[in-house]
Amino acid sequence: MTVLGHLRRRGPSTPGQVAEAERQRPQSLMRVFAELEAEGLIVREPGTTDRRRSVLSLTEEGRRALERDMAERDAWLAPALETLSETERGVLALAAEVMERLANAEVRAPEDG
């Protein structure tokens with residue numbers, strides 16, 4: 001679902017771009033890409049500028065699978081959130097905002113030396 005979500009948010013991407021965004025090594029995700037492609041959830045096509053590089057895209061079936069997964073999560077989450085106080089929901093909203101900023105932060109590792 002993470003790969004499908006990436007392709008939905010960012011559009012067609014190379015395996016390297018997906019791996020980098022997910023903080024993985026491309027080799028670590030090759031099996032995932034192959035399984036998603038075999039299930040018809042993504043397609044792999046040659047790149048337009050460099051035909052040796054493949055570009056992954058979400059298929060309509062992949063989009064539907066992602067939407068089903070999100071609907072199932074929402075169906076669980078809505079009643080669960082209702083059990084929390086207004087203050088607790090506010091804390092969660094703030095935490096989600098902070099986590100989003102962290103996930104999108106461009107942080108460089110310190111250099112050795």
Side-chain angles (χ1 to χ4, degrees):
M1 287 300 137
T2 303
V3 171
L4 298 181
H6 171 91
L7 295 174
R8 181 175 178 262
R9 284 187 312 279
R10 300 195 180 168
S13 303
T14 66
Q17 290 169 326
V18 175
E20 182 179 339
E22 300 306 322
R23 293 175 174 56
Q24 299 280 329
R25 295 166 52 93
Q27 301 87 329
S28 303
L29 292 176
M30 287 305 166
R31 176 183 276 167
V32 173
F33 298 147
E35 289 173 4
L36 292 172
E37 188 175 18
E39 293 173 16
L41 303 178
I42 65 171
V43 292
R44 184 187 317 239
E45 300 173 320
T48 54
T49 55
D50 183 350
R51 310 277 299 160
R52 295 171 296 175
R53 268 199 169 158
S54 61
V55 174
L56 307 172
S57 300
L58 192 60
T59 64
E60 191 55 40
E61 182 58 33
R63 188 174 318 282
R64 284 193 298 270
L66 188 58
E67 288 170 359
R68 280 190 304 270
D69 182 72
M70 290 169 36
E72 289 171 9
R73 291 171 194 248
D74 288 349
W76 170 84
L77 185 59
L81 286 174
E82 289 176 11
T83 67
L84 302 178
S85 71
E86 187 175 329
T87 301
E88 290 170 323
R89 286 192 298 270
V91 168
L92 279 180
L94 180 59
E97 205 174 288
V98 171
M99 294 301 290
E100 183 72 23
R101 283 199 344 246
L102 283 174
N104 293 321
E106 299 273 338
V107 179
R108 292 178 46 187
E111 296 181 22
D112 292 335

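The model shown is predicted, which means the values in this text are computed figures rather than measured ones. Keep in mind that the numbers below use all heavy atoms, side chains included, and drop hydrogens, waters and symmetry copies.
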A side-chain contact here means heavy atoms from C-beta on lying under 4.5 Å apart; do E60 and R63 qualify? yes
State the CZ-OG distance between R8 and S57, to the nearest 0.5 angstrom. 15.0 Å
Less than 4.5 Å apart, any side-chain heavy atom of E72 and any of E67? no
Path from V43 to V18 over hydrophobic side-chain contacts below 4.5 Å: no
Quick one: pull up CG in L36 and CG in L56 and give me the separation to the nearest 0.5 Å. 9.0 Å
Residue E86 excluded, over 12 heavy atoms near CD under 6.0 Å: no
If Ile, Leu, Val, Met, Phe, Trp and Tyr residues are connected whenever their side-chain heavy atoms lie under 4.5 Å apart, and connections chain through other members, are V55 and L7 in the same group? no
Remaining members of hydrophobic cluster (4.5 Å side-chain criterion), L92: W76, L77, L81, L84
Measure the OG-CD distance between S28 and E22 for me, rounded to the nearest 0.5 Å. 12.0 Å
Do other residues, nucleotides or ligands put more than 12 heavy atoms under 6.0 Å from R73 CZ? no
Tell me whether E35 contacts the main-chain N or O of V32 through its side chain, where contact means a donor paired with an acceptor under 3.5 Å. no
Output all residues satisfying side chain to side chain donor-acceptor pair (under 3.5 Å) with R25, sequence neighbours left out; order by chain, then residue number. none
Is any side-chain heavy atom of L29 closer than 4.5 Å to a side-chain heavy atom of P15? no
Under the 3.5 angstrom rule, does the side chain of T59 hit a backbone N or O of G40 as a donor-acceptor pair? yes
Heavy-atom closest contact (L4 atom, I42 atom, distance): CD2-CG2, 3.7 Å
Could you tell me whether a side-chain N or O of R10 sits under 3.5 Å from a main-chain N or O of H6, the two making a donor and an acceptor? no
Can you name the closest pair of heavy atoms from G16 and P26 and give their distance? CA-CG, 4.2 Å
Value rounded to 0.5 Å, distance of CD in E61 from CZ in R64: 4.5 Å
Answer yes or no: is there a donor N or O on one side and an acceptor on the other, between the side chain of E88 and the main chain of S85, under 3.5 Å? yes
